[in-house]
Amino acid sequence: MARSDELKEIADLWKKKVRARDWPRAVIEEGIEKAGHNPVELMYGHLLAYFHFLDNGELERARDHIRQSYLFARSLSPSRYGYWIESVSLEYAFILGRLGIATQKADEILKSVPLSRTFEAKRRRAEAAILCCKANGLCFRLIERAEASWRKKYPDPVPDTVQAELDWLDDLKEVARSRIGTARHP
């Protein structure tokens with residue numbers, strides 16, 4: 001996938017397992033700006049921005065970027081960009097559930113993504129967020145399974161990027177506790 005120098009710089013940080021919250025925001029924004037009308041670059045740039053804002057706790061901005069990434073991803077060829085389309089779709093379903101909005105749309109998006117071991121933990125995180133939004137206690141079990149998937153794949157010490165995933169799951173647990181209660185789910 002061709003990328004601007006700015007997006008390559010952020011991709012290199014990702015590969016080096018630098019947490020998304022520590023990526024330089026100005027470089028991400030410049031990369032998106034330089035992407036012009038290239039849907040692949042725009043999909044990728046907005047995906048990187050999503051992770052950056054998600055990891056910084058700026059959920060509304062994260063949602064705006066993953067929505068843009070999702071729209072560009074849907075315009076791409078599934079045979080060539082299926083991996084990216086699935087990844088972006090799962091993240092979009094997650095943020096909709098995490099924010100407690102558009103759960104029907106989040107369900108539809110989730111159902112459109114084929115089951116895959118590649119995205120097992122991300123799917124469970126998205127499913128848990130949607131169930132949490134619906135105040136369904138099963139979300140706790142899915143959060144635990146997502147955590148177990150990450151820990152199995154990356155035993156201690158976990159890379160910073162995986163720690164971010166675990167932190168997002170902890171945040172989701174707190175949201176679930178506030179929506180569902182702690183009596184049955186400590």
Measure the [atom1]-[atom2] distance between [X] and [Y] for me, rounded to the nearest 0.5 Å.
X      : Y      : atom1 : atom2 : value
Leu131 : Asp107 : CG    : CG    : 8.0 Å
Gln104 : Leu96  : CD    : CG    : 12.0 Å
Thr161 : Arg19  : OG1   : CZ    : 9.0 Å
Asp22  : Leu13  : CG    : CG    : 9.0 Å
Leu7   : Ile32  : CG    : CD1   : 7.0 Å
Arg145 : Arg124 : CZ    : CZ    : 6.0 Å

### Query
How about Gln68 and Asp64: does a side-chain donor come under 3.5 Å of a side-chain acceptor?
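Per modelled atom types, Gln68 and Asp64 side chains form no pair under 3.5 Å.
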
Taking NZ, NE, NH1 and NH2 as the nitrogens, is one of them in [X] or [Y] under 4.0 Å from a carboxylate oxygen of the other?
X      : Y      : value
Lys122 : Glu165 : yes
Lys173 : Glu147 : yes
Arg25  : Glu58  : yes
Glu108 : Lys111 : no
Arg125 : Glu91  : yes
Lys34  : Asp5   : no
Glu60  : Arg63  : yes
Glu29  : Arg61  : yes

### Task
Among residues two or more places apart or on two chains, list those pairs meeting ring-ring contact (aromatic ring centres under 6.0 Å, His included) that have a residue in residues 88-113.
Tyr70-Tyr92

Any idea which heavy atoms bring [X] and [Y] closest together, and the distance?
X      : Y      : result
Trp150 : Ala121 : NE1-CB, 3.2 Å
Ala106 : Gly97  : CB-N, 4.5 Å
Leu42  : Gly36  : CD1-O, 3.3 Å
Leu110 : Ala126 : CD1-CB, 4.0 Å

### Message
Taking Leu169 as the starting point, is it possible to reach Val175 by hopping between hydrophobic residues whose side chains are less than 4.5 Å apart?
### Response
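In one cluster with Val175: Leu169, no.
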
#### Entry: Same cluster (ILVMFWY, side-chain, under 4.5 Å), Tyr83 and Val40
yes

Any side-chain heavy atom of [X] within less than 4.5 Å of one from [Y]?
X      : Y      : result
Leu166 : Arg151 : yes
Cys139 : Ile180 : yes
Ile66  : Ser69  : yes
Cys132 : Leu142 : no
Cys133 : Leu99  : no

### Query
Looking at Leu48, Leu76, Asn38, which one forms a side chain to side chain contact (heavy atoms under 4.5 Å, CB included) with Met43?
Leu76

For [Y], is there any backbone N or O sitting under 3.5 Å from a side-chain donor or acceptor partner on [X]?
X      : Y      : value
Arg123 : Val113 : yes
Ser87  : Trp84  : no
Glu41  : Ser4   : yes
Trp23  : Ala49  : no
Ser89  : Ile85  : yes

### Task
Determine, step by step, whether Asp55 and Trp168 satisfy the side-chain contact (heavy atoms from CB on, under 4.5 Å) criterion, reporting the C-alpha distance in whole Å, the side-chain angles of both residues, the deciding distance to 0.1 Å, and the verdict.
CA-CA 8 Å; Asp55 205 22; Trp168 302 335; 3.2 Å; yes

### Message
For Arg179, I'd like to know if atom CZ has over 12 heavy atoms of other residues, nucleotides or ligands within 6.0 Å.
### Response
yes

#### Entry: The single option from Phe53, Tyr50, Phe51, Tyr44 passing ring pair (Phe, Tyr, Trp, His ring centres under 6.0 Å) against His65
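Considering Phe53, Tyr50, Phe51, Tyr44, a ring pair (Phe, Tyr, Trp, His ring centres under 6.0 Å) with His65 is found only for Phe53.
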
### Task
Test salt bridge (Lys or Arg N to Asp or Glu O under 4.0 Å) on Arg177 and Glu174 and set out the steps.
CA-CA 5 Å; Arg177 285 185 188 115; Glu174 290 303 314; 2.7 Å; yes

### Task
Before giving the answer on side-chain contact (heavy atoms from CB on, under 4.5 Å), spell out for Arg98 and Asp171 the whole-Å C-alpha distance, their side-chain angles and the decisive distance to 0.1 Å.
CA-CA 9 Å; Arg98 170 60 185 83; Asp171 173 66; 2.7 Å; yes

